[in-house]
Amino acid sequence: MIDSREATEALAEIDDMVRRVRQSRIYELASQLMVMWGALVFAGYLLTWLAPRYAGIGWIAVYVIGLAGWAAFSAINRPTSGVRSFDLKFLLAFAMFLAFGIFCCWLGRFDPRQLSAFWPVYFMLFYSIAGLWFGYAFIAIGLAVIALTLAGYFWIGGAFDLWMAFVNGGGLILGGLWMRRS
C-alpha cells in the first residue's frame, strides 16, 4: 500500500514521462516535415537564382507540393503516432497565414530581393513562436534562420537567392536532422 505522497510522486513521474514522450514524438514528426520543406525551399530558391523568370510559378509549385506532402505525411503517420500534424484547422491557419503575408507584400510593394528576405523571416517568426509550446529547438532554428537571412540581405550581393537556398532550405534540413537526435 502506498501513501498519498508516494502516489502523488508516482503520478508526477508518469506525467513527466508522458510529456517527454509526446515532445519526442512531436520532434520526430516535425523533423521529417522540416526535411521535406527544406528540400522544397532549397529547390525554390535555387530555381529563383538560376531562372528568375520562373520564380513565381516555382514557388507556387513549392507550396502545392509541400501542402500535398504534408497532408500525405499526416495521413500515413496519424494512425501510428497519435499526433495530428494536419487537418482542416491547420490548412485554414496556413491559408490565413499566407493571406496575411501576401497582404503585407502587396501593402509594402516589395521588390524580389525583399520578398526573398520577407518570407523566411515571416515563416521563422511563427516557427519560433511555436517553439514556446513545442520546445526550444524550434526557437533556436527559427532565430538562426532569421539572423542569417538578415545578414545575407544586407551583406550578400547578387547571390542572395543562392545564399537563401542554403540558409533557409539547408537550415530547415539541418534543423530537421538535428531534431531527430533530440
Out of curiosity, does M124 fall in the hydrophobic cluster containing L132 (side-chain heavy atoms, cut-off under 4.5 Å, transitive links)? yes

Is there a side-chain contact between K89 and L92 (heavy atoms, below 4.5 Å)? no

Closest heavy-atom contact between G142 and S128? CA-OG, 3.3 Å

Roughly how far apart are L67 CG and L98 CG, rounded to 0.5 Å? 7.5 Å

Can you confirm whether Y54 is buried at OH, in the sense that more than 12 heavy atoms of other residues, nucleotides or ligands lie under 6.0 Å from that atom? no

Give a yes or no on whether the ring-centroid distance for Y127 and F123 is below 6.0 angstrom. no

Interatomic distance, CD1@I76 vs CD@Q32, rounded to 0.5 Å, equals 10.0 Å

I57 CD1: over 12 foreign heavy atoms closer than 6.0 Å: no

Drop me the distance from L107's CG to I102's CD1, to the nearest 0.5 angstrom. 13.5 Å

Quick check: closest heavy atoms across T149 and P120, and the distance to 0.1 Å? OG1-CB, 4.1 Å

Could you measure the distance from the CG atom of L115 to the SG atom of C105? Nearest 0.5 Å is fine. 5.0 Å

With a 6.0 Å cut-off on the ring centroids, do F73 and W70 count as close? no

Could you report the tightest heavy-atom contact between F138 and A30, atom names first, then the distance? CZ-CB, 3.6 Å

Check for me, please, whether L29 and L174 land in the same ILVMFWY cluster - side-chain distances under 4.5 Å, paths through other members count. no

Heavy-atom pair with the smallest gap, counting every atom of V62 and V41: CG1-N, 4.5 Å

Is any side-chain heavy atom of V35 closer than 4.5 Å to a side-chain heavy atom of L172? no

Do you reckon I146 sits in the same ILVMFWY cluster as Y136, going by side-chain contacts under 4.5 Å, direct or chained? yes

Are more than 12 heavy atoms, taken from residues, nucleotides or ligands other than F97, located less than 6.0 Å from that residue's CZ atom? yes

Nearest 0.5 Å please: distance from the CZ atom of F42 over to the CG atom of L46. 5.0 Å

Same cluster or not: are F118 and Y63 linked, directly or through other Ile, Leu, Val, Met, Phe, Trp or Tyr residues, by side-chain heavy atoms under 4.5 angstrom apart? yes

Check F160, F166, W163, W59 against Y45 for a ring-ring contact (aromatic ring centres under 6.0 Å, His included) and give me the one that passes. W59

Tell me the closest heavy-atom pair linking Y122 and G101, and the distance in Å. OH-N, 3.4 Å

Between Q114 and R109 the two heavy atoms that sit nearest each other are OE1-O, 4.4 Å

In terms of side-chain heavy atoms, does S116 have a donor or acceptor partner in D161 at a distance below 3.5 Å? yes

Joint hydrophobic cluster, L148 plus W155, side-chain heavy atoms closer than 4.5 Å: yes

When rounded to the nearest 0.5 angstrom, what is the spacing between CG in L11 and CG in D16? 12.5 Å

Are the side chains of M164 and T48 in touch, meaning some heavy atoms are under 4.5 Å apart? no

Can any side-chain N or O of R113 pair as donor or acceptor with the backbone N or O of Y153 at less than 3.5 Å? yes

